[in-house]
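If you're wondering where the values come from, they're calculated on a predicted model, not measured in any experiment. Letters go in sequence order (proteins before strands), and every chain restarts at 1.
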Number of protein chains: 2
Amino acid sequence: MLKTRIKEYRLKYDMNQQTLAELVGVRRETIGHLERGNYNPSLKLAWDIAKVFNVSIEEIFEYVEEEK
Amino acid sequence: MLKTRIKEYRLKYDMNQQTLAELVGVRRETIGHLERGNYNPSLKLAWDIAKVFNVSIEEIFEYVEEEK
DNA sequence: AAGCAATGTTATATATTTATAACATAAAGA
DNA sequence: TCTTTATGTTATAAATATATAACATTGCTT
């Protein structure tokens, strides 16, 4: 299961989904889906998002084992 | 454009494509395609490969600008 | 030369991400 | 209340990653 801190960093930068989406070249729905854990992004998208926040990919995305 | 050091690390670990593929749960052709830069992996696959070699994703994958 | 292991390559099918559009909901301000 | 902004949600289409199978090539070893 994928845990993400996109929303946390997005709010830290006082940014809405639309703005982040434009910065990385995807739709705002895509950002929303990622924040809600609906699917795993491509490495390219993960890379681009991490770059916006000047952090490593690992800082924003983490795979953890399912509980149940 | 995606540059990758999969092959470099794979050889360092004296491992063939088949073995690496099994460790991360994909086909050997998929590893081959990645090494030849045919497509960008999912974050999950990139994560799994980095984990096999005990390095960060950024150590193995890097996006650089196209020359021409 | 013959055989084997590793990798390249290609075609097609399947799965998943992402795009697109439309509508719903919730919060905040005028 | 009405309007606006941000986000949720859902359905469908398009794009791309990955699976699968088949065959080619290369290098090594006998």
S.K.: Check nucleotides 20-26 of chain C against the protein and report each pair of N or O atoms closer than 3.5 Å, with its distance, or say if there are none.
M.R.:
unit_1	atom_1	unit_2	atom_2	d
C:dA21	N7	A:E29	OE2	3.4
C:dA21	N6	A:E29	OE2	3.2

S.K.: What residue pairs, at least two apart or across chains, pass side chain to side chain donor-acceptor pair (under 3.5 Å) with a residue in residues 45-58 of chain B?
M.R.: B:K44-B:D48
S.K.: So, using ring-ring contact (aromatic ring centres under 6.0 Å, His included) as the criterion, who are the partners of A:Y9 when residues are at least two apart?
M.R.: A:F53
S.K.: Using atom OH of B:Y39 as one end and atom C1' of D:dA17 as the other, report the distance to the nearest whole Å.
M.R.: 6 Å
S.K.: To the nearest angstrom, how far is A:I31 atom CD1 from D:dT9 atom P?
M.R.: 16 Å
S.K.: Looking across every strand, which nucleic acid part, if any, lies under 4.0 Å from A:N40 by heavy atom: base, sugar-phosphate, or nothing?
M.R.: sugar-phosphate
S.K.: Using 0.5 Å steps for rounding, measure from the CG atom of B:N40 to the OG1 atom of B:T4.
M.R.: 10.5 Å
S.K.: Of the options C:dT18, D:dT18, C:dG8, whose atoms approach the side-chain atoms of B:L34 most closely?
M.R.: D:dT18
S.K.: Using the closest heavy atom to pick a nucleotide of DNA chain D for each, name whichever of A:N38 or B:N38 lands nearer the 5' end.
M.R.: A:N38
S.K.: Taking atom P of D:dT4 as reference, at what distance in whole Å does atom CG of A:N16 sit?
M.R.: 17 Å
S.K.: May I have the distance from B:E22 (atom CD) to C:dA6 (atom P), rounded to whole angstrom?
M.R.: 11 Å
S.K.: If you assign each of B:S42 and B:L11 to its closest nucleotide in DNA chain C, which residue comes earlier from the 5' end?
M.R.: B:L11
S.K.: If you round to the nearest 0.5 Å, how far is NZ of B:K7 from CD of B:Q17?
M.R.: 7.5 Å
S.K.: If you round to the nearest 0.5 Å, how far is CZ of B:R36 from CD1 of B:I6?
M.R.: 11.0 Å
